Amino acid sequence: MNTWSLEKRGFAPADAAGDGNRFLCANGYLGLRGVPEEADRELFPAVTLAGVYDQFADRWREPVNAPRCLFIRAFFDGKPLAEYRQHRQWLDYRHGIYGRETDFGPILVRSQRFASMAGPHLLADRYEVNCVQEGDLALQVGISTDIWDINGPHLFDFRMQAADTLAVEAVTGEKRIAVAAAQRVRADFAAEESPLQDEGGAFYLLKKRVKKGERCALSAFAAIYTALDGPDPARAAAALCDQAESRGFDACLAAHKAAWEGIWERSEIVMEGDEEAALALHASQYHLNAIAPRHADNLSISARGLSGQTYKGAIFWDSEIFFFPMFVHTQPEIARALLRYRIETLPGALKKAREYGYRGAFYAWESQEGGNEGCTDFNVVDVFTHRPVRTYFRDKQIHISGDIAYALRSYYDITGDRSLLQAGGAKVILECARFYLSRASAHLDGDEIDFADVIGPDEYHERVTNNAFTNRMIRHCFESALLLKEIFADQPEWFRDLLDELDYEADWALLPEALRRIRRPRVQNGVTEQFDGYFALEDCGLEAVRSRLMDPREYWGGDHGVAGTTQIIKQADVIALAALFPQDFTDGQLAANWAYYEPRTEHGSSLSACMYALTACRVGRLDEAWRLFRKTADIDVTGGGKQWAGEIYIGGTHPASNGGAWMIAALGFAGLRVQAGRLTLHPHLPSQITRLAFPVVAGGARWMVEVTREGGRIRPMC
Ligand code: IFM
């Protein structure tokens with residue numbers, strides 16, 4: 001079995017949305033959905049740009065989809081070829097190459113294309129036609145402006161040119177950001193060539209009378225730039241296409257492949273014993289690596305990566321808690337970029353806190369550029385009334401600030417490098433702590449500090465009090481704020497100046513007391529109560545709750561959701577706490593919590609299974625750990641995961657699961673712990689695995705970790 005390739009035979013339009021995700025090519029700057037070159041918008045084609053947002057009318061702000069480069073439609077004897085007699089598509093995970101082979105009857109098409117990992121603005125396609133009969137072949141090749149958007153349109157004032165270089169330029173509606181696409185085509189066959197420039201884009205039409213058995217191939221080179229990349233995106237795009245064309249497809253492909261080889265050298269987990277699982281792990285690592293911001297040092301990754309506009313292309317806690325671990329252990333510069341995004345968007349978090357009447361930093365639940373809050377008050381549409389449902393994610397999911405502080409602290413703990421703290425990270429932690437102090441201020445007089453009216457990771461129970469996960473994150477944030485003084489003990493002046501700059505004296509004085517008095521969760525028979533009153537909710541079982549649904553797309557949370565009055569939870573909550581703070585629990589408590597919460601969890605979020613798997617490893621439930629690992633790692637191979645929340649489409653790739661798969665394999669099965677550059681292993685290998693081997697960066701050095709049935713070892717890499 002090839003553990004590096006996903007292949008699908010046959011074609012069903014109904015699968016196109018899911019296949020576009022599973023067969024995605026991406027390079028951190030853009031994502032090119034995995035649909036054939038000729039796909040119309042019904043098949044959800046898109047080139048989604050990272051970090052470029054737009055709002056159309058009063059619809060949701062979302063990332064911008066660029067004009068569709070690498071569009072190719074074949075005609076034979078004057079008719080467009082649309083019927084696939086046979087079709088096969090594949091994705092090479094090792095090198096990020098999408099391929100397809102289609103029997104259209106009169107011709108067979110075979111192509112391969114990629115979003116260059118060697119240069120983030122470049123896309124290329126090699127398209128070969130084998131003629132089965134004699135006739136008139138025509139290929140329409142170019143840039144289509146038929147753009148699929150969820151909440152668009154976003155591009156206006158199109159200018160198109162079909163000369164030697166094809167060019168399409170437009171501006172976004174809200175901020176008038178110029179988006180430019182260019183393309184060059186090099187045909188290996190003599191053809192009658194005419195430019196086509198109309199409302200639908202800029203193309204060449206290549207025509208040729210072909211003989212049976214004749215082969216016609218072309219290479220297309222496309223480039224995309226926006227005004228965020230530099231002053232003249234159109235010129236930059238044209239120049240890059242010219243350059244790529246003169247280098248040729250093979251050279252561009254070789255550079256792209258070499259860049260992917262470098263990524264795998266730094267991050268691949270080799271898993272032996274189960275080839276299907278190895279494939280799923282490659283898929284997970286491919287998808288997370290493909291969307292990492294390698295072209296910028298201050299960008300993060302959105303919840304559905306670059307697979308489209310789902311979730312408004314926003315950055316959630318997924319970044320810090322689910323994506324960050326793989327990067328900090330393998331490619332710390334990317335972990336740093338994720339955190340620098342938070343440092344630079346601190347002003348947005350300060351503003352959001354002020355808007356709610358608090359002080360300090362309340363980070364956006366769905367963060368867009370500049371820390372702008374993309375989360376609206378209504379995130380779900382009721383399937384019965386078609387009315388928007390008021391959800392409180394934006395206002396009440398306050399653990400987000402603590403999650404960011406947690407990752408900043410982890411970066412320091414794992415790398416031993418405090419420069420990020422010095423470059424704004426310490427400020428973020430202090431401002432997050434200040435936010436929690438101000439959120440709690442009404443309770444500072446009592447014996448214990450409650451955090452009321454919050455939502456924990458389990459979004460089905462809104463507006464609860466003392467969510468155990470949230471309160472622990474807040475404690476950790478306070479601890480991290482206080483620890484800063486020790487971390488910078490050799491630079492007391494710098495630290496004092498920082499506190500002065502933030503006018504922090506009064507808050508600093510409150511921190512130790514606040515830390516001591518935060519309410520600890522109730523523990524019953526070793527089980528931590530998820531929030532005050534959780535144990536008193538109806539305890540009726542997952543299937544009973546599911547059977548109450550009147551529509552499969554119905555939303556389980558919110559005021560009228562079927563889960564709200566029961567103990568059924570959407571995703572890991574106490575178990576997420578256990579996975580992140582195992583030291584808070586005895587082995588018996590970990591086991592008791594796992595046994596209690598797992599049957600009560602819908603796993604309705606792709607963020608859930610990995611947390612349960614990590615904890616399952618620690619309590620020795622290795623069969624369960626394996627089942628949950630497969631659920632996590634398989635998701636973008638099989639196309640699993642929820643597609644709808646009420647009437648809102650939430651499909652796409654699942655970067656949190658992708659990061660979760662790395663966590664389970666490295667932190668769970670191998671039991672890796674890194675503290676200030678020191679590595680230890682506590683292996684928990686399921687019976688399905690015979691060997692795990694993977695590289696880790698720690699303390700500025702590179703290590704190879706290997707775990708077999710005989711035990712684990714760590715050796716330095718040169
Ligand atoms: O961040 C998650 C959240 O925990 C559950 N709903 C989806 C979000 C984005 O992945």
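Ligands are counted one by one from 1 in listed order, and the atoms in each one are counted from 1 as well. Keep in mind the model is a prediction, meaning the values are calculated, not measured.
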- Does the side chain of Thr601 pick up a donor-acceptor pair with the side chain of Tyr612 at under 3.5 Å? yes

- Task: Let me know which of Asp634, Asn658, Ile269, Val637 forms a side chain to side chain contact (heavy atoms under 4.5 Å, CB included) with Leu281.
- Result: Ile269

- How are the rings of Tyr411 and Phe324 set to each other: parallel, tilted or perpendicular (split at 30° and 60°)? tilted

- Qualifying residue for side chain to side chain contact (heavy atoms under 4.5 Å, CB included) with Asn379, from Arg394, Glu366, Glu459, Arg390: Glu366

- Message: Could you work out, with side-chain contact (heavy atoms from CB on, under 4.5 Å) as the rule, every residue matching Arg463, not counting sequence neighbours?
- Response: Tyr392, Lys396, Asp453

Please give the N or O to N or O pairs under 3.5 Å between ligand 1 and the protein, distances rounded to 0.1 Å.
from, atom 1, to, atom 2, distance (Å)
ligand 1, 1 (O), Trp317, NE1, 2.9
ligand 1, 1 (O), Asp318, OD1, 2.7
ligand 1, 4 (O), Trp317, NE1, 2.9
ligand 1, 4 (O), Gln571, NE2, 3.1
ligand 1, 6 (N), Glu459, OE1, 3.4
ligand 1, 10 (O), Asp318, OD2, 2.6

- Query: Do the rings of Tyr597 and Tyr534 sit parallel, tilted or perpendicular, given the 30° and 60° boundaries?
  - Reply: tilted

